[in-house]
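See below for the structure under consideration.
Since this is a predicted model, take the numbers as computed values, not measurements. One-based numbering along the sequence shown.
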Amino acid sequence: MNLNMEWLRTFKTIYEKGTLTAAAQALYISQPGVSLHLNSLEAATGYTLFDRSAKKMVPTERAKVLYNFIQEPMGRLEMAEQVFHRSSREGRATISIGMCFETFQFTLERYISSLPFNVIVKFGLYPEMIHDLDKGVLDMIVTPEKSDLPNLEFKPFSKEKIVMVCGSSTNIKQLKTLLKDATVKDERLKSARIAELEQWLKQQIWYSTAADMEHLKRFWKLNLRQNIDFKPNYIVPNISSIVRCLGGNEGFAIIPDFLCRDEIKSGKIKVVWDGDVCVENTLYFGSRKKTIYYKEIKMVEDIFLKEMAAL
């Protein structure tokens with residue numbers, strides 16, 4: 001029985017993420033590609049590895065056995081891929097940087113080809129990035145979260161503002177009235193107006209991402225005084241997808257404003273509410289206190305500072 005390493009990598013990710021969609025996003029391959037890898041592995045082993053359901057991939061007993069066998073060695077191999085990456089061009093340093101996909105796309109991506117060193121970019125969850133930074137797998141991260149690990153330092157460099165946006169074809173006439181009514185000073189009347197505003201918003205078309213609804217939940221709780229109790233109409237892979245779907249169309253989303261700055265300038269997307277309670281995240285550069293890549297990290301930091309200054 002020959003087991004392809006990519007099949008095992010995909011299996012491990014499905015096992016840990018719980019769904020084909022989440023695994024596809026983590027691996028940055030298509031969902032059909034994830035299904036193909038899993039089907040190939042099941043054919044090779046001769047066992048069904050997951051019970052498929054609408055919401056979750058439930059591992060079978062055989063899957064649990066296989067996962068226990070491969071978890072540690074696969075983790076070591078993935079770390080080795082990062083640590084022992086070798087460039088085909090001698091004399092160039094290689095640094096590994098962790099950040100979210102949207103941050104990379106809207107800031108660093110356009111500069112990659114001009115950098116005088118090699119770059120490996122890793123996307124993932126911030127706690128995992130912090131862990132990898134501490135272990136030496138990553139050399140730098142861009143993150144709204146920080147840690148007090150003694151080996152690491154975090155430098156604040158900007159803030160991202162979380163706002164409510166809509167596509168330019170969205171009728172917001174009633175929303176403007178409701179927002180104005182919700183600014184009354186009488187607390188009892190204000191609560192009633194906010195409840196009316198919430199009900200109207202829940203009837204609209206909403207977009208969110210599959211991996212992270214934190215922006216939406218946090219903004220809703222702070223400004224509408226309720227936990228969000230509805231499911232967005234469209235769950236898409238990332239914030240960039242939300243921006244593209246909303247541009248020139250109808251619907252609402254709650255996202256960082258800098259991720260749709262060009263669409264706001266062009267009129268494809270409108271900022272309709274900053275919130276009575278401002279929701280902001282501080283962004284940090286994270287690195288190890290002792291590193292041989294001070295020069296390269298400084299160049300990346302300067303790119304981010306330049307892009308943020310242009311907002």
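- Note that the SG atom of Cys260 and the CD1 atom of Ile269 stand 5.0 Å from one another [nearest 0.5 Å].
- Without hydrogens or angle criteria, Trp206 side chain to Ile254 main chain gives no donor-acceptor distance under 3.5 Å.
- Using the six-membered ring where Trp is involved, Phe11 and Phe50 have ring planes that are tilted, between 30° and 60° apart.
- Here the side chain of Asn223 pairs a donor or acceptor atom with the backbone of Val277 at under 3.5 angstrom.
- When the shell of 6.0 Å around CZ of Phe230 is examined, it contains more than 12 heavy atoms from other residues, nucleotides or ligands.
- When atom types are taken as modelled, the side chain of Gln204 and the backbone of Trp200 share a donor-acceptor pair closer than 3.5 angstrom.
- Put simply, the side chain of Ile97 reaches to within 4.5 Å of the side chain of Leu108, judged on heavy atoms.
- Listed for the Thr107 side chain is no donor-acceptor partner under 3.5 Å among the backbone atoms of Phe304.
- Annotation: ring-ring contact (aromatic ring centres under 6.0 Å, His included) contacts involving residues 125-155, sequence neighbours excluded, are absent.
- Taking a cutoff of 4.0 Å between a charged side-chain nitrogen and a carboxylate oxygen, Arg62 and Glu42 do not qualify as a salt bridge.
- Nearest heavy atom pair, residue Arg225 against residue Ser191, reads NH1-OG, 3.1 Å.
- The heavy-atom pair separating Ala44 from Trp7 by the smallest distance is CB-CZ3, 3.9 Å.
- Taking a cutoff of 4.0 Å between a charged side-chain nitrogen and a carboxylate oxygen, Arg261 and Asp257 do not qualify as a salt bridge.
- Between Arg9 and Glu6 there is a salt bridge, since a side-chain N of the basic residue sits under 4.0 Å from a carboxylate O of the acidic one.
- Side-chain contact check for Val300 versus Val119: every heavy-atom pair is 4.5 Å or farther apart.
- A continuous path of Ile, Leu, Val, Met, Phe, Trp and Tyr side chains, each step under 4.5 Å between heavy atoms, connects Phe157 with Phe258, placing both in one hydrophobic cluster.
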| Pair Glu307-Tyr111, side-chain hydrogen bond (donor to acceptor under 3.5 Å, both in side chains): steps then yes or no | CA-CA 11 Å; Glu307 287 295 304; Tyr111 296 96; 2.6 Å; yes

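- The only option from Glu187, Lys185, Arg193 that meets the side chain to side chain contact (heavy atoms under 4.5 Å, CB included) definition with Leu189 turns out to be Arg193.
- Side-chain contact between Lys155 and Glu301: present, with at least one pair of heavy atoms (C-beta onward) separated by less than 4.5 Å.
- Leu36 is linked by a side chain to side chain contact (heavy atoms under 4.5 Å, CB included) to Ser40, counting only residues two or more places apart in sequence or in another chain.
- By the 4.5 Å heavy-atom criterion applied to side chains, Met164 and Leu179 are not counted as neighbours.
- Considering every non-hydrogen atom in both Ile239 and Pro256, the closest pair reads CD1-CD, 4.0 Å.
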| field | Audit row: Ile205, Tyr234, side chain to side chain contact (heavy atoms under 4.5 Å, CB included) steps and yes/no | value | CA-CA 8 Å; Ile205 297 172; Tyr234 302 111; 3.6 Å; yes

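- Using a 4.5 Å cut-off between side-chain heavy atoms of Ile, Leu, Val, Met, Phe, Trp and Tyr, with links allowed through other members, Met5 and Ile14 fall into the same hydrophobic cluster.
- Under a hydrophobic-cluster definition in which Ile, Leu, Val, Met, Phe, Trp and Tyr are linked whenever side-chain heavy atoms come within less than 4.5 Å, directly or via other members, Ile292 and Ile95 are assigned to the same cluster.
- One N or O on the side chain of Lys190 and one on the backbone of Ala182 form a donor-acceptor pair closer than 3.5 Å.
- Closest approach of Ser168 and Gly248 over heavy atoms only: OG-CA, 3.1 Å.
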| query | Does the side chain to side chain contact (heavy atoms under 4.5 Å, CB included) test come out yes or no for Thr13 and Val34, once each step is laid out? | reply | CA-CA 10 Å; Thr13 307; Val34 170; over 6 Å; no

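- A centroid separation of 6.0 Å or more is found between the aromatic rings of Trp273 and Phe252.
- If you check the side chains of Ser240 and Glu102, you find no donor sitting under 3.5 Å from an acceptor.
- Under the rule for a side chain to side chain donor-acceptor pair (under 3.5 Å), Lys217 has no partner lying at least two apart in sequence or in another chain.
- In this structure a side-chain-to-backbone donor-acceptor pair under 3.5 Å is present from Thr60 to Ala63.
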| Chi angles and distances behind the side chain to side chain contact (heavy atoms under 4.5 Å, CB included) call for Lys122, Ser96 | CA-CA 7 Å; Lys122 179 179 180 181; Ser96 298; over 6 Å; no

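- Checking Asn151, Asp134, Asp139 one by one against Arg288, the side chain to side chain donor-acceptor pair (under 3.5 Å) holds for a single residue, Asp139.
- A distance-only check finds a donor-acceptor pair linking the side chain of Thr170 to the backbone of Gly251 [under 3.5 Å].
- When every heavy atom of Ile130 is checked against every heavy atom of Ser147, the shortest pair comes out as CG2-CB, 3.7 Å.
- Partners of Lys12 according to the side chain to side chain contact (heavy atoms under 4.5 Å, CB included) rule, which considers only residues two or more places apart in sequence or in another chain, are Glu16, Tyr67, Ile70, Met74, Glu78.
- Put simply, the side chain of Leu41 does not reach to within 4.5 Å of the side chain of Thr10, judged on heavy atoms.
- In this structure Phe117 satisfies the ring-ring contact (aromatic ring centres under 6.0 Å, His included) test with no other residue, sequence neighbours excluded.
- In terms of modelled atom types and a separation under 3.5 Å, the side chain of Lys64 and the main chain of Pro59 share no donor-acceptor contact.
- Note that CD of Glu280 and CG of Asp274 are 9.5 Å apart. Values are rounded to the nearest 0.5 Å.
- Taken from CD1 in Ile242 to CG in Leu216, the straight-line distance is 9.0 Å, to the nearest 0.5 Å.
- Side-chain contact between Tyr207 and Ile255 is absent, with no heavy-atom pair separated by less than 4.5 Å.
- With contacts defined as side-chain heavy-atom distances shorter than 4.5 Å, the pair Ser241/Arg244 qualifies.
- The distance from atom CG of Leu246 to atom CD of Glu263, rounded to the nearest 0.5 Å, is 9.5 Å.
- The two residues Arg52 and Thr48 come nearest to each other via the heavy atoms NH1-CG2, 4.1 Å.
- Counting heavy atoms from C-beta outward, Lys202 and Gln226 have side chains that stay 4.5 Å or more apart.
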| task | Using the side chain to side chain contact (heavy atoms under 4.5 Å, CB included) rule, take Ile297 and Phe285 through it: C-alpha gap first, then chi angles, then the decisive distance, then the call. | result | CA-CA 9 Å; Ile297 289 172; Phe285 296 131; over 6 Å; no

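- With values rounded to the nearest 0.5 angstrom, Lys180 atom NZ is found 15.0 Å from Leu197 atom CG.
- Within a 6.0 Å sphere centred on NZ of Lys270, heavy atoms belonging to other residues, nucleotides or ligands number more than 12.
- Within 6.0 Å of CZ on Phe69 lie no more than 12 heavy atoms contributed by other residues, nucleotides or ligands.
- Listed by chain and residue number, nothing satisfies the side chain to side chain donor-acceptor pair (under 3.5 Å) test with Glu296 (two or more places apart in sequence, or in another chain).
- Using modelled atom types, no side-chain atom of Thr19 and backbone atom of Lys56 make a donor-acceptor pair closer than 3.5 Å.
- A distance of 11.0 Å separates CG in Asp132 from CG in Leu125, rounded to the nearest 0.5 Å.
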